[in-house]
Amino acid sequence: MRTTTPLIALLASTSLVSATHLTDSLLNKVYNVMNEINTASWENGTKSIAILESKYPDLTVFTTKTDSPFDKLNGLQSGSIQEIIDIAQTTLNNRPATKTNTTNTNSTSHGGASLLEDGAAGDPASLGIAVLLANASTNDQQVNGVGYGDAATAELNYLLYDVPRTSSGAISHRADQAQLWADSVYMVPPFLAYYGAYHNNQTLIQEAYRQCSLYRDTLKQSNNLWAHILLGNGTHDPNLWVTGNAWAVSGMLRVWATIKWSGYASDMSSQMNDLQSWISEIFDAASGLITSDGVFHNYLNDNSTFKDTSGSALIAATGLRLSTLNITDKYVPDSLKILAGVSSYVNSTGYLTQVVNPYDFSKQGTYSPEGQSFVVMGYAAYKEWDSLGRKGSTSGKDDPLGKDSSAFKSTQLPTLLGVMGSIIVGIWTMV
Ligand SMILES: *[C@@H]1O[C@H](CO)[C@@H](O)[C@H](O)[C@H]1NC(C)=O
Ligand SMILES: *[C@@H]1O[C@H](CO)[C@@H](O)[C@H](O)[C@H]1NC(C)=O
Ligand SMILES: *[C@@H]1O[C@H](CO)[C@@H](O)[C@H](O)[C@H]1NC(C)=O
Ligand SMILES: *[C@@H]1O[C@H](CO)[C@@H](O)[C@H](O)[C@H]1NC(C)=O
Ligand SMILES: *[C@@H]1O[C@H](CO)[C@@H](O)[C@H](O)[C@H]1NC(C)=O
Ligand SMILES: *[C@@H]1O[C@H](CO)[C@@H](O)[C@H](O)[C@H]1NC(C)=O
Ligand SMILES: *[C@@H]1O[C@H](CO)[C@@H](O)[C@H](O)[C@H]1NC(C)=O
Ligand SMILES: *[C@@H]1O[C@H](CO)[C@@H](O)[C@H](O)[C@H]1NC(C)=O
Ligand SMILES: *[C@@H]1O[C@H](CO)[C@@H](O)[C@H](O)[C@H]1NC(C)=O
């Protein structure tokens with residue numbers, strides 16, 4: 001090097017986003033770790049969606065094909081979605097033997113029963129779509145004394161009639177009291193909408209939309225980002241949790257896409273427009289809060305909290321889906337930057353690091369089952385976006401993951417080494 005001046009200039013002008021593009025082999029490791037480490041109800045549910053989005057995209061509401069994912073349920077063979085059947089089967093094997101919640105007088109009449117014993121009323125619902133798919137592909141096979149279809153319907157009725165509600169009608173995320181968690185928007189409304197679209201029941205789809213609306217009414221703060229947990233007593237988290245905002249945007253987009261594939265899309269265009277603008281307001285508010293290495297802090301607006309790659313990954317996945325669904329390409333550059341940033345934190349054994357502890361949301365953890373699923377979702381979205389012609393990327397430089405990315409070529413080196421490497425290459429070329 002002749003002088004240090006160009007180095008300093010480069011350092012000053014270069015974004016610190018490390019453009020680590022996961023190779024297929026490392027992405028496979030991420031997928032395998034996801035399969036190994038998920039244990040909680042919502043983790044298994046989230047994993048089922050990640051598997052669908054990455055391996056069976058045409059069966060998801062995010063499909064970009066012209067065929068309805070619901071039409072494909074007729075004649076679906078169980079062998080064709082074995083991983084999903086396995087998850088549904090495990091769920092039914094773990095399902096409490098008592099089919100109804102007898103402490104709640106309403107449940108006897110409606111036949112409501114949670115898929116799993118869980119203090120969180122909302123979390124087991126994340127498995128509802130997997131159970132419906134298992135039902136469709138096995139012709140309502142019985143497991144542990146109940147058919148998949150009956151278990152799904154009991155879960156629906158549990159949500160509709162047994163779970164406590166707020167005075168406005170929002171279905172609680174907790175079983176023992178009315179308390180709203182942003183998480184629930186990913187777990188519950190997409191299942192209500194999916195059940196409704198599959199069974200041509202517009203009332204259920206409208207209820208899914210209404211639940212998103214009611215959650216937003218309570219959780220949205222003046223800066224348009226959502227608080228994590230409000231109302232009720234015990235656990236509280238009024239902070240702007242990145243994963244909570246990610247659950248919210250992704251859950252609302254799944255409801256949007258479910259309406260699109262239902263028979264009621266033209267009837268419900270104003271609901272779809274609302275969902276679109278509620279998603280956008282979160283993206284717009286979060287956009288300025290991306291760190292220099294391409295991720296978000298655990299509490300979005302609080303730079304003193306640690307960075308969390310897990311929630312960041314689900315935001316990136318959702319931003320790219322907004323593009324593949326033709327809603328808007330506006331969030332593509334941010335999403336690509338975030339996915340690149342997240343990828344730089346995947347270690348060589350396929351674990352996403354620098355994550356929030358999924359069981360203690362204010363603390364940093366060492367690994368995250370849901371985070372593994374979010375990375376799988378992020379790459380499923382990225383690959384689809386890529387195959388559809390990379391809309392919204394104004395130049396190669398906007399896509400740190402892309403083949404033509406200028407400064408940062410694929411590398412598995414840690415962030416700083418990667419940056420130094422590119423700088424050295426840069427200096428070398430200049431000399
Ligand atoms: C989630 O899946 C894992 C792995 O299959 C299983 O061991 C666990 O019991 C499941 N959790 C629940 C709550 O069903
Ligand atoms: C998006 O728009 C393109 C061009 O009009 C169209 O070919 C494609 O089918 C649309 N995709 C979706 C998911 O609607
Ligand atoms: C059953 O219903 C009662 C009354 O609503 C509720 O307190 C309890 O948490 C429910 N149990 C389960 C397992 O959902
Ligand atoms: C029972 O169901 C009715 C009508 O669905 C509802 O208004 C009432 O709040 C429910 N009661 C309980 C304890 O869940
Ligand atoms: C379960 O599958 C059967 C047979 O395919 C179908 O008739 C029924 O509607 C399904 N149940 C649910 C809740 O989807
Ligand atoms: C739609 O689902 C709700 C809740 O299960 C049920 O009460 C209603 O009868 C259904 N409507 C139709 C048209 O099937
Ligand atoms: C929360 O409130 C409910 C009823 O309002 C009460 O039964 C419960 O003990 C309270 N829980 C805590 C942790 O204070
Ligand atoms: C927090 O980080 C963001 C993104 O790097 C930056 O725009 C913002 O100014 C920082 N805020 C504070 C208070 O440091
Ligand atoms: C990757 O991260 C996981 C979880 O923190 C850890 O157990 C594993 O040892 C790490 N692998 C390497 C090669 O550092």
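Note that ligands are numbered from 1 as they come in the structure, with each ligand's atoms numbered from 1 the same way.
At least one test fails for Arg254 against the ring of Phe62: distance under 6.0 Å to the centre or angle within 45° of the axis.
In this structure, Ser373 and Thr46 approach most closely via the heavy-atom pair CB-CG2, 3.8 Å. For the residue pair Tyr148 and Ala88, the shortest heavy atom distance occurs at CE2-CB, 3.7 Å.
Residues that satisfy the side-chain hydrogen bond (donor to acceptor under 3.5 Å, both in side chains) test with Asn44, not counting sequence neighbours, are absent from this structure. Applying the salt bridge (Lys or Arg N to Asp or Glu O under 4.0 Å) criterion to Asp71, with sequence neighbours excluded, gives no partner residue. Residues forming a ring pair (Phe, Tyr, Trp, His ring centres under 6.0 Å) with Phe191 (at least two apart in sequence, or on another chain): none.
Ion pairing between Glu281 and Arg216 holds under the 4.0 Å rule for side-chain N and carboxylate O.
Residues His21 and Tyr382 bring their aromatic ring centres within 6.0 Å.
Residue contacts with ligand 1, taken as heavy atom pairs separated by less than 4.0 Å, involve Thr39 solely via the backbone atoms N, CA, C and O. Contacts between Leu116 and ligand 1 below 4.0 angstrom, taking non-hydrogen atoms only, involve the side chain exclusively.
Below 3.5 Å of separation, one finds no N or O of Thr91 facing any N or O of ligand 1. Close N/O approach between Tyr351 and ligand 9 is not found [any backbone or side-chain N/O within under 3.5 Å]. Backbone and side-chain nitrogen or oxygen atoms of Ser41 are examined, and none is located within less than 3.5 angstrom of a nitrogen or oxygen of ligand 1. Remark: ligand 9 and Tyr367 share no N or O pair separated by less than 3.5 Å (distance only, no angle test). Note: no N/O pair closer than 3.5 Å links Ser348 and ligand 9 by distance alone.
For the pairing with Trp278, the ring-ring contact (aromatic ring centres under 6.0 Å, His included) check across Tyr215, Tyr209, Trp226, Trp256 returns one residue only, Tyr209. With Lys307 as the partner, the side-chain hydrogen bond (donor to acceptor under 3.5 Å, both in side chains) test is satisfied by one option alone out of Thr291, Asp293, Asn298: Asp293.
In the vicinity of Thr366, heavy-atom distances shorter than 4.0 Å reach the ligand 9 atoms 4 (C), 5 (O).
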May I have a table of the N/O to N/O pairs between ligand 6 and the protein that fall below 3.5 Å, each row giving the two atom names and the distance to 0.1 Å?
| residue | atom | partner | partner atom | Å |
| --- | --- | --- | --- | --- |
| ligand 6 | 2 (O) | Asn201 | ND2 | 2.2 |
| ligand 6 | 11 (N) | Asn201 | ND2 | 2.9 |
| ligand 6 | 14 (O) | Asn201 | ND2 | 3.4 |

